[in-house]
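What follows is a short report on a single structure.
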Amino acid sequence: MPSMANASEGGVGVGQKSNGVPSSAKNRSVEQSQSLARKASIAQQRRSLPIASELPQFLFNGGFCDGGKVIGITQPRRVAAVTVAKRVAEECGIELGQKVGYSIRFEDVTSRSTRIKYMTDGLLLRYSVILVDEAHERTVHTDVLLGLLKDVQRARSKYNTTQNNSDKVNGNYSAVSGKEGITHCPSYLKPCQGAKFFPLKLIIMSASLDARGFSEYFGGARAVHIQGRQYPVDILYTYDPVRDYLNAALITILQEEIESVERLVRERIRHLPLSSQNVVTVSIYSSLPSEQQMKVFRPPPPGCRKVILATNIAETSVTIPGIKYVIDPGVVKARDYSAKTGLESLVIVPTSKAQALQRSGRAGREGPGKCFRLYPESVFFELKDSTLPEIKRCNLSSIVLQLKALGIDDIIGFDFMDKPDRDSIKKSLEQLIALGALTDEYKLSDPVGQQMSRLPLDPIHSKAIILATQYNCLEEMLITVSMLSVESIFYSPHDKLEEAKVAWKRFSCLEGDHITLINVYRASVEFIEKSKIKESRVKAIEGNLKKWCRENFINNRSLRHAQDVHSQIRGHVQQMGLTVNSCGDDMLQFRRCLAASFFLNAALKQPDGSYRAMESGQRVQIHPSSMISGTKPDCVIYNELVQTNRPYLRYVTRIDPLWLPELAPQYYAAQT
DNA sequence: GAGCACTGC
């Protein structure tokens with residue numbers, strides 16, 4: 001560890017973790033758990049490797065916070081930021097939010113005296129040391145952050161050199177950059193009024209498999225290996241690639257997903273001898289309501305084996321105690337994006353070596369374990385070392401908008417660790433121009449582009465918000481965009497689908513799904529208000545809402561998330577000075593506003609009853625879950641175009657085709 | 001007439 005602290009000025013340390021096992025100084029239990037399971041998980045976490053909690057204290061004691069400097073630690077997940085901060089404060093015997101704090105969306109538990117700050121994201125100019133944890137996960141945010149940090153570090157060392165060599169100290173980077181001939185000076189490189197530029201030290205913590213990549217990216221930074229605490233896990237491969245019934249089972253797994261596999265497992269168990277039937281099965285995946293998720297933490301009855309069927313939520317996000325055996329089919333469902341068609345899809349691809357190690361590592365958290373890989377060892381060696389970074393397989397519009405807002409004009413020239421495809425960048429620039437966020441010269445427009453970049457939303461959603469005041473429906477658009485930004489609001493358990501459909505009927509609107517979402521939101525608010533009249537205790541009201549959600553097959557967690565997003569975005573638009581007006585029940589205005597902002601996502605009915613997405617020309621269908629999939633209007637706008645079994649439009653609303661050239665002439669004037 | 005990787009602002 002000392003070698004890290006001794007890293008040269010402006011240096012980078014790459015903290016390596018052994019075996020691809022992530023720093024486990026984080027409790028990844030599912031939110032809101034107050035169960036025994038959570039306690040077990042925390043206890044487990046305490047026993048394991050606490051790099052992300054010990055290192056900042058070490059740096060603090062080493063004087064890195066002298067003179068008001070702050071150590072920032074980024075985490076890819078909110079739970080991790082909160083729990084690690086809490087734990088460090090606890091260990092230091094101090095109140096959270098004082099010396100140690102955290103800052104995440106919807107919650108800022110820091111103060112002027114905070115010196116060790118955990119966070120999920122943010123611009124980190126005021127920090128002297130930045131530790132980026134879990135860098136191997138390569139989220140879009142991590143990648144953008146690394147690019148920015150590299151830029152900041154370069155600029156700061158340049159600034160410091162200039163400061164030493166020049167008798168005229170300006171304290172303003174843009175003045176210096178002119179002298180140095182640096183072509184751009186992003187706004188985030190300019191120090192705040194009166195602020196000093198500290199040389200920046202970076203410590204990138206990642207799994208060992210890709211430490212070299214980080215080291216090279218940061219100009220040959222020193223790599224320090226830290227041994228993780230982990231019990232041995234036996235890895236067992238198949239002799240041959242799996243076929244026959246195993247393969248059939250796999251196909252079932254891949255096609256029908258967890259719910260069906262669970263039924264299959266239960267059915268098979270019934271056919272076993274009685275003495276072997278002592279098995280319980282539980283499932284866990286992200287869109288499952290929290291109450292059901294909690295079941296995986298319950299200990300099995302005595303003498304019973306527990307079989308957990310999990311998506312890759314169990315790879316990193318959730319740590320389930322007591323796992324001895326892991327079965328790894330060797331595949332993963334991963335997001336893919338085609339810039340050409342604008343189509344997002346979930347495809348089944350082989351895992352990377354890092355993911356395979358991550359999965360097997362789950363068997364060795366509390367004692368020695370075994371991992372069965374359903375593929376031969378030779379296949380393992382052919383796997384890619386690490387997963388393709390997300391930035392190479394997602395729509396870039398919102399990232400590009402953010403970079404533009406930071407003053408980075410040359411997106412194609414930006415020093416990404418892995419450069420996104422040129423086509424993908426071009427596509428997003430075109431989209432932003434069509435939305436009016438960028439000028440024809442690719443500059444951030446004023447005020448539209450600037451306002452859009454301030455909203456933490458998909459650019460099309462931001463555009464809808466900004467336009468809504470003019471259509472007298474900002475209240476309705478805030479609700480819509482909030483509901484569209486969260487995981488599925490509707491919960492449809494396989495065995496109660498018909499019941500669920502009946503429950504949803506009371507919200508449904510024949511004009512489209514956007515209004516249906518507004519109806520759900522309004523109904524829930526109305527219910528809460530009524531509940532408040534009868535009941536003053538917050539806990540009881542929350543309980544009532546939970547029950548209401550259960551009865552209506554609404555995912556309570558998603559709904560609450562939407563409420564949080566709603567109040568956050570509402571705050572933003574009020575700060576911008578937009579009038580929060582409402583069209584009441586006049587949904588014509590609202591649908592016209594949808595047409596004016598979602599015009600890139602318009603589709604026309606074809607003679608054969610299918611639809612043509614106007615932007616890409618793609619043949620698509622309205623998703624059967626849509627409230628208007630049966631009515632087949634001539635022209636619709638949609639929220640997203642996804643490829644599953646077929647290309648589908650999800651969240652669809654009927655519009656008048658003549659509205660498009662009227663409300664988006666810049667895009668539809670030339671077309672007919 | 002379907003199918004539900006995972007995060008995050």
Side-chain angles (χ1 to χ4, degrees), chain A residues 26 28 30-31 74-81 103-108 119-123 134 137-145 253-261 283-289 292 310-318 329 331-336 344-349 351 355 358 387 390-391 393-394 398-399 401-402 405 453-459 461-462 481-482 485-494 497 500-501 555 558 561 564-565 568-569 571-572 609 621-632 642-650:
Chain A
K26 41 197 59 76
R28 272 114 174 233
V30 181
E31 61 174 321
T74 70
Q75 293 282 350
R77 273 171 294 279
R78 295 157 49 92
V79 214
S103 186
I104 59 174
R105 190 181 188 185
F106 309 129
E107 254 189 292
D108 182 14
M119 70 201 102
T120 39
D121 203 11
L123 282 176
E134 308 284 23
E137 290 192 18
R138 300 295 302 276
T139 65
V140 174
H141 284 158
T142 303
D143 273 27
V144 171
L145 189 57
I253 291 174
L254 301 178
Q255 283 182 341
E256 296 187 48
E257 303 308 324
I258 287 174
E259 280 192 356
S260 307
V261 181
S283 302
I284 183 163
Y285 47 92
S286 151
S287 57
L288 201 65
Q292 260 97 305
T311 61
N312 39 348
I313 192 172
E315 232 172 58
T316 48
S317 302
V318 172
V331 285
V332 63
K333 269 193 171 178
R335 167 179 292 166
D336 206 13
E344 280 194 323
S345 56
L346 277 177
V347 285
I348 295 157
V349 292
T351 63
Q355 274 176 305
Q358 183 72 42
T387 315
E390 192 188 2
I391 203 157
R393 48 187 172 88
C394 73
S398 88
I399 299 297
L401 183 60
Q402 275 182 55
S453 71
R454 286 169 62 186
L455 296 173
L457 298 169
D458 180 290
H461 293 172
S462 303
V481 162
S482 307
S485 313
V486 302
E487 326 78 85
S488 178
I489 287 288
F490 298 104
Y491 170 57
S492 39
H494 205 274
L497 198 55
K501 280 184 184 168
N555 188 325
S558 303
H561 190 185
D564 284 343
V565 175
Q568 187 196 32
I569 306 299
H572 273 118
Q621 305 275 347
I622 295 177
H623 197 279
S625 69
S626 167
M627 304 295 162
I628 59 168
S629 68
T631 65
K632 299 229 174 181
V642 288
Q643 167 84 44
T644 48
N645 266 354
R646 306 154 90 169
Y648 281 115
L649 305 178
R650 264 208 302 239

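Each chain gets a letter, A, B and so on, in the order its sequence line appears, and its residues count up from 1.
Atom OH of A/Tyr648 and atom P of B/dA2 are 4 Å apart (whole Å). Distance CZ (A/Arg650) to P (B/dC4): 8 Å, rounded to an integer number of Å. Rounded to whole Å, atom C1' of B/dT7 lies 13 Å from atom CD of A/Glu315. B/dC4 atom P lies 18 Å from atom CZ of A/Phe490, rounded to whole Å. Atom pair A/His561:NE2 and B/dT7:C1' shows a separation of 11 Å (rounding to whole Å applied).
For A/Lys333, a side-chain nitrogen or oxygen approaches OP1 or OP2 of B/dC4 to under 4.0 Å. The phosphate of B/dG1 (OP1 or OP2) has no side-chain N or O of A/Ser629 nearer than 4.0 angstrom. Taking only side-chain nitrogens and oxygens, A/Ser488 never comes nearer than 4.0 Å to OP1 or OP2 of B/dC4. The phosphate of B/dC6 (OP1 or OP2) has no side-chain N or O of A/Arg335 nearer than 4.0 angstrom.
A distance-only check finds no donor-acceptor pair linking the side chain of A/Glu390 to the backbone of A/Thr139 [under 3.5 Å]. Remark: side-chain polar atoms of A/Thr311 are paired, donor with acceptor, to backbone N or O of A/Ile313 under 3.5 angstrom.
Taking the side chain of A/Pro624 as heavy atoms from C-beta on, and the options B/dG1, B/dA5, B/dG8, the nearest nucleotide is B/dG1.
If you check distances only, the side chain of A/Ser625 never reaches the base of B/dG1 with a donor-acceptor pair under 3.5 Å.
When heavy atoms are screened at a 4.0 angstrom cut-off, A/Thr139 is found touching no nucleic acid atom at all. Within the nucleic acid shown, A/Leu497 comes within 4.0 Å of at least one base atom, counting heavy atoms only.
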